[in-house]
Amino acid sequence: MIGFVLLVDVAAIAGSAWSFLRIPFTQGDALPFAILITSAVLYTELSRPVEQVRERFAGTPHISLDSVWTFAAVLLVHPGLAALVIAVSFFYRWFRGQPNPLFRRTFSTSATVLSGFAAAAFLSLYAAPFDVLPRDASSFVSVVAAGGVFLLVNTALMTVAVYYGTPHERLRDAVAKPFEYALEAATIALGVIVAWALRDWPVVLLLVVGITLVLHRGVLLRQLRRQARSDAKTGLLNAKAWREAATDELDRARRAGRHTSLLMVDVDRFKLINDRHGHLVGDRYLAAIAETLRTEVRGTDLVGRFGGEEFVVLLPGTPAVHAHAIAERIRSSVASRTGDLPEHVTVSIGLADRPGVSDLDAVIAVADRALYEAKNTGRNRTSGYQVTG
């Protein structure tokens with residue numbers, strides 16, 4: 001992993017040095033370079049109030065909007081100068097308070113520089129430099145494709161670093177959410193507009209700054225909303241958010257006449273875990289079980305922490321026979337889980353099912369009764385009842 005990081009860093013430095021030595025500068029490079037450097041610095045200052053709020057919520061994905069300036073530099077100026085714009089944009093934000101270890105900031109900068117080189121090379125090879133491209137449909141497609149290369153290369157480099165650097169058990173855990181890629185694509189698109197504006201109508205840059213600030217604030221609101229709905233220790237829905245979502249889902253199931261099953265999962269002898277190893281280790285167990293739940297259910301299922309060592313899973317459109325199979329898969333996965341935890345742990349699961357039911361409290365009560373039975377008949381098992389009445 002260290003070798004990979006160093007390779008990316010050295011490649012970015014070597015590529016920048018080579019471009020300074022071998023690619024001639026033009027008179028049109030100086031002014032866009034100065035404007036983009038200034039814009040990146042000023043935007044960092046203008047967005048600092050938003051960033052300061054975002055930094056309070058450790059553990060939430062941090063989505064950068066630097067591509068507005070960096071991709072414009074890739075399109076518009078000498079590759080070496082574009083690398084300087086990228087470095088200033090990344091390191092100035094780091095210097096002004098973004099909490100990020102220096103080696104990670106350096107790697108992110110290097111990965112973006114290499115992504116910029118790849119995009120610029122693609123454009124030169126398959127079309128022409130942005131300055132001389134005609135403003136027609138074919139050129140538009142070429143520029144969009146260059147943006148795709150920029151995003152693809154950067155994603156590949158960052159995913160390898162995240163996957164092997166943490167490490168993660170599954171590749172999908174090292175990949176960003178679709179919304180994050182959509183946001184990155186939007187900022188790259190704004191970078192195209194910035195480059196176009198600087199060449200043909202510079203005053204449009206003011207509109208781009210305003211749009212980007214609004215987009216940045218929208219990211220903050222989304223992040224705060226997600227934080228308010230999440231359980232801090234597990235990242236699952238908290239009890240209040242899960243109850244609201246489950247109530248809505250049950251209403252939809254009742255109208256459609258669909259089965260809906262509920263699993264109540266409880267960690268066996270969790271108090272002994274805390275007594276033996278302490279509450280911090282207990283929290284690691286909770287996080288590991290939460291990860292297992294996320295892995296074993298569908299993306300449309302609702303997974304939440306109900307309280308203490310109890311979890312709840314609502315399975316829309318799932319009859320009891322399939323819900324029982326899911327519960328057994330969860331139970332088996334937890335029991336066989338390996339890792340850096342000091343000992344194995346098991347869970348007991350209560351299952352409730354009824355087609356078309358809309359009373360959430362009734363379903364929870366039945367699942368709780370089934371869980372009580374699973375506990376009393378030996379633990380590490382699944383017990384189920386159907387909701388009646």
Side-chain angles (χ1 to χ4, degrees), residues 1-26 28-41 43-44 62-126 129-131 146-167 174 176 184 187-188 191 194-195:
M1 187 59 215
I2 294 174
F4 173 74
V5 170
L6 290 177
L7 178 64
V8 171
D9 292 342
V10 170
I13 294 171
S16 301
W18 184 89
S19 67
F20 277 121
L21 293 173
R22 302 297 298 272
I23 300 177
F25 292 90
T26 66
D29 285 327
L31 184 59
F33 170 71
I35 291 175
L36 288 170
I37 288 282
T38 303
S39 297
V41 171
Y43 183 79
T44 298
H62 195 92
I63 306 169
S64 171
L65 276 70
D66 293 318
S67 297
V68 174
W69 320 112
T70 59
F71 189 66
V74 168
L75 292 178
L76 211 54
V77 301
H78 183 279
L81 295 180
L84 283 179
V85 172
I86 292 169
V88 169
S89 177
F90 274 64
F91 279 101
Y92 187 76
R93 188 175 294 281
W94 176 80
F95 173 74
R96 291 295 285 157
Q98 190 177 84
N100 195 345
L102 179 58
F103 78 91
R104 291 183 180 176
R105 178 59 36 156
T106 303
F107 176 80
S108 298
T109 303
S110 299
T112 305
V113 168
L114 292 183
S115 303
F117 288 162
F122 173 87
L123 201 59
S124 297
L125 184 62
Y126 292 101
F130 186 81
D131 271 355
V149 170
F150 182 84
L151 178 59
L152 182 63
V153 173
N154 194 49
T155 298
L157 294 174
M158 295 302 298
T159 299
V160 171
V162 172
Y163 181 74
Y164 289 105
T166 307
E184 180 69 12
T187 58
I188 290 172
V194 168

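The first residue of the sequence shown is numbered 1, and numbering continues consecutively from there. Excluded from the calculations below are hydrogen atoms, water molecules and symmetry mates; all remaining heavy atoms, backbone and side chain alike, are included. These figures come from a predicted structure and were not determined experimentally.
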Check the angle between the aromatic planes of Y92 and F95 and answer parallel, tilted or perpendicular using the 30° and 60° thresholds.
tilted
Find the distance between OG1 (T109) and CZ (R104) and round it off to the nearest 0.5 Å.
14.0 Å
Note, I37 side chain near W69 side chain (heavy atom, < 4.5 Å)
no
Closest non-hydrogen contact found for V74 with A120 is CG1-N, 4.1 Å
Heavy-atom nearest pair, A146 first then L123, reads CB-CD1, 4.1 Å
Do the side chain of T187 and the main chain of E184 share a donor and acceptor less than 3.5 angstrom apart?
yes
Point-to-point distance, once rounded to the nearest 0.5 Å, from CG of L114 to CG of L157:
6.5 Å
Going through the distances and angles, do S115 and F71 end up as a side-chain contact (heavy atoms from CB on, under 4.5 Å)?
CA-CA 9 Å; S115 303; F71 189 66; over 6 Å; no
Inter-residue atom distance F150.CZ - T155.OG1, 0.5 Å rounding
9.5 Å
Tell me if the CZ atom of F4 is crowded by more than 12 foreign heavy atoms within 6.0 Å.
yes
Give the minimum heavy-atom separation between A111 and M158, together with the two atoms involved.
CB-SD, 4.0 Å
What's the separation between atom CG in L76 and atom CG in D131, rounded to the nearest 0.5 Å?
6.0 Å
Using a cut-off of 6.0 Å, state whether more than 12 heavy atoms not belonging to L21 lie near its atom CG.
yes
Working to the nearest 0.5 angstrom, can you tell me the gap between I188 CD1 and N154 CG?
8.0 Å
Side-chain donor/acceptor pairs under 3.5 Å, residues 78-90, sequence neighbours excluded:
from	atom 1	to	atom 2	distance (Å)
H78	ND1	G80	N	2.9
H78	NE2	S19	O	3.1
H78	NE2	I23	O	2.8
S89	OG	D66	OD1	3.2

side-chain contact (heavy atoms from CB on, under 4.5 Å) evaluation trace for F91 with L102:
CA-CA 9 Å; F91 279 101; L102 179 58; 3.7 Å; yes
Calculate, to the nearest 0.5 Å, the distance between atoms CZ and OG1 belonging to F117 and T112 respectively.
11.5 Å
